[in-house]
Amino acid sequence: MRIYSAKDVDAKALKGATIAILGYGSQGRAHALNLKDSGYHVVVGLRRGGDSWAKAKKDGLRVAEPAEAVKGAALVALLTPDLSQPGVYAEIKGNLAKGATLLFAHGFNVHFRQIKPRKDLDVVLIAPKGPGDLVRRQYQQGRGVPCLVAVAQNATGKAKAKALAYAHGIGGTRGGVLETTFEEETVTDLFGEQVVLCGGATELVVKGFETLVEAGYKPEAAYYECLHELKLIVDLLHEGGLAKMHQFISETAKYGDLTRGPRIVTRSTKAEMKKILKEIQSGKFARQWIRENKTGKKKYQKLLNQDLKHPIEKVGRALRARMPWLEQGR
Ligand code: NAD
Ligand code: MG
């Protein structure tokens with residue numbers, strides 16, 4: 001296993017290069033601004049007239065349409081939403097310089113063969129393990145979100161050196177850049193967000209909230225207990241693992257954790273996790289999501305609306321309004 005840091009970066013790999021960042025959302029904005037501050041020529045590729053266009057201009061960046069932006073770029077980062085990327089690649093393909101580097105922040109399209117890059121290109125992955133606003137904020141604080149690096153095509157023999165220089169430019173070498181493959185990044189990223197980080201965590205919060213409210217307890221008390229406090233626990237886990245959390249919670253909380261936790265996440269929960277992992281590995285999840293996207297995202301919209309209409313959202317908005325500092329730094 002290798003974790004790269006600043007000393008592993010070849011400063012010449014992207015020296016004087018123009019880097020095209022396609023997309024100016026969560027990751028795109030953070031990468032573009034960090035790379036600019038690290039001394040690179042950055043051009044942002046966007047659809048003309050969209051909201052992001054005005055935002056990137058206002059941030060002082062050069063903006064052009066994707067097919068124009070990639071002309072003369074030594075490295076092109078594809079940071080539009082995953083399912084839009086095959087279309088964007090089709091637009092830019094003819095204008096990519098020979099031997100240019102195509103960079104992804106998630107392996108989905110290469111691993112599931114939605115994009116088959118030209119053979120003369122280097123194809124690399126730099127996947128920050130955190131949302132874009134943190135990639136930007138930590139860079140400004142002299143810190144860095146850790147990243148994963150992988151190489152899918154090494155046409156020039158310098159693919160990894162360029163990927164590491166890019167990771168360095170966005171601040172990733174400060175936290176460390178872990179060597180992986182497109183397959184491992186894609187599978188573990190999808191698994192993490194479905195089972196633990198997004199799907200698992202929110203479902204646990206909402207079901208806990210419902211249980212207390214249905215038993216007659218105040219929604220406000222249930223909100224504090226099941227949602228608000230989660231961050232405090234997660235911060236302890238993030239800083240020092242299970243040991244640090246155990247150090248800071250009460251003896252009573254610890255006894256409850258050890259005896260009740262396994263009754264909530266049971267053997268059958270783990271069996272379901274394994275099923276979800278298989279659906280990701282076999283491509284079943286990817287096919288389903290691509291089909292849903294092609295047919296107008298009706299089911300996705302319906303589920304999303306249901307989520308946003310949940311009573312926990314209403315009580316949460318009211319309570320958060322009393323704590324305006326929660327939104328600071330965004
Ligand atoms: P996003 O949804 O926040 O931003 C999308 C941007 O792309 C917007 O600026 C939008 O205007 C632009 N865009 C959309 N369609 C376009 C098109 N057809 N042509 C040109 N521009 C277009 O995206 P994101 O969440 O930053 O995701 C970008 C990539 O980063 C994805 O591969 C994602 O998997 C990966 N990633 C995201 C995160 C995260 O925290 N959001 C973390 C790690 C990796
Ligand atoms: Mg992720």
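In each ligand, atom 1 is the first atom listed, and ligand 1 is the first ligand listed. The chain is numbered in sequence order, starting from 1.
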Report task. Would you check if there is a donor-acceptor pair between the side chains of H111 and E185 at a distance under 3.5 Å? Result -> no
Query - For Y24, atoms of ligand 1 separated by under 4.0 Å from a heavy atom - result: 6 (C), 8 (C), 9 (O)
**Report entry** Numbered atoms and elements of ligand 1 in range of S52, under 4.0 angstrom, heavy atoms
**Finding:** 8 (C), 9 (O), 10 (C), 11 (O)
Report task. Would you mind listing which atoms of ligand 1 come within a distance below 4.0 Å of any non-hydrogen atom of Q85? Result -> 31 (C), 32 (O)
Query raised in the report: Is there a heavy atom of L79 sitting under 4.0 angstrom from any atom of ligand 1?
Result: yes
Report task. Would you check if there is a donor-acceptor pair between the side chains of E229 and Y224 at a distance under 3.5 Å? Result -> no
Report task. Provide the number and element of each atom of ligand 1 under 4.0 Å from a heavy atom of H106. Result -> 32 (O), 34 (O)
Query raised in the report: For the atom pair CD (Q114) and OH (Y89), what is the distance rounded to the nearest 0.5 Å?
Result: 14.0 Å
Report task. Kindly indicate, with the supporting measurements, whether the criterion side-chain hydrogen bond (donor to acceptor under 3.5 Å, both in side chains) is fulfilled by D59 and Y24. Result -> CA-CA 11 Å; D59 287 340; Y24 202 66; 2.6 Å; yes
Report summary line: ligand 1 to P128, heavy atom cutoff 4.0 Å, flagged ligand atoms 43 (C)
Requested in this report: Report the relative orientation of the aromatic rings in Y223 and H228; use parallel for angles under 30°, tilted for 30 to 60°, perpendicular for over 60°.
Outcome: tilted
Query - K160 and D122: CA distance, side-chain angles, deciding distance, salt bridge (charged side-chain N to carboxylate O under 4.0 Å, His left out) verdict - result: CA-CA 9 Å; K160 196 196 279 171; D122 287 343; over 6 Å; no
Query - Nitrogen or oxygen of G25 less than 3.5 angstrom from that of ligand 1 - result: yes
Requested in this report: Indicate yes or no: at least one non-hydrogen side-chain atom of L236 is less than 4.5 angstrom from one of L232.
Outcome: no
Query raised in the report: Considering only heavy atoms, which of L22, T80, D133 lies nearest to atom 29 (C) of ligand 1?
Result: T80
Query - Per-atom contacts, ligand 1 versus V88 - under 4.0 Å to a heavy atom - result: 17 (C), 18 (N), 19 (N)
Report task. State the atoms of ligand 1, each with its element, that fall below the 4.0 Å cut-off from a heavy-atom position in D82. Result -> 31 (C), 32 (O), 33 (C), 34 (O)
Requested in this report: Select the closest option to atom 1 (P) of ligand 1 among G130, G87, S26, G50, judged by heavy-atom distance.
Outcome: S26
Query - Closest heavy-atom pair and its distance - V135, P128 - result: CG2-CB, 3.8 Å
Query - Test item, P81 contacting ligand 1 (heavy atom, 4.0 angstrom) - result: yes
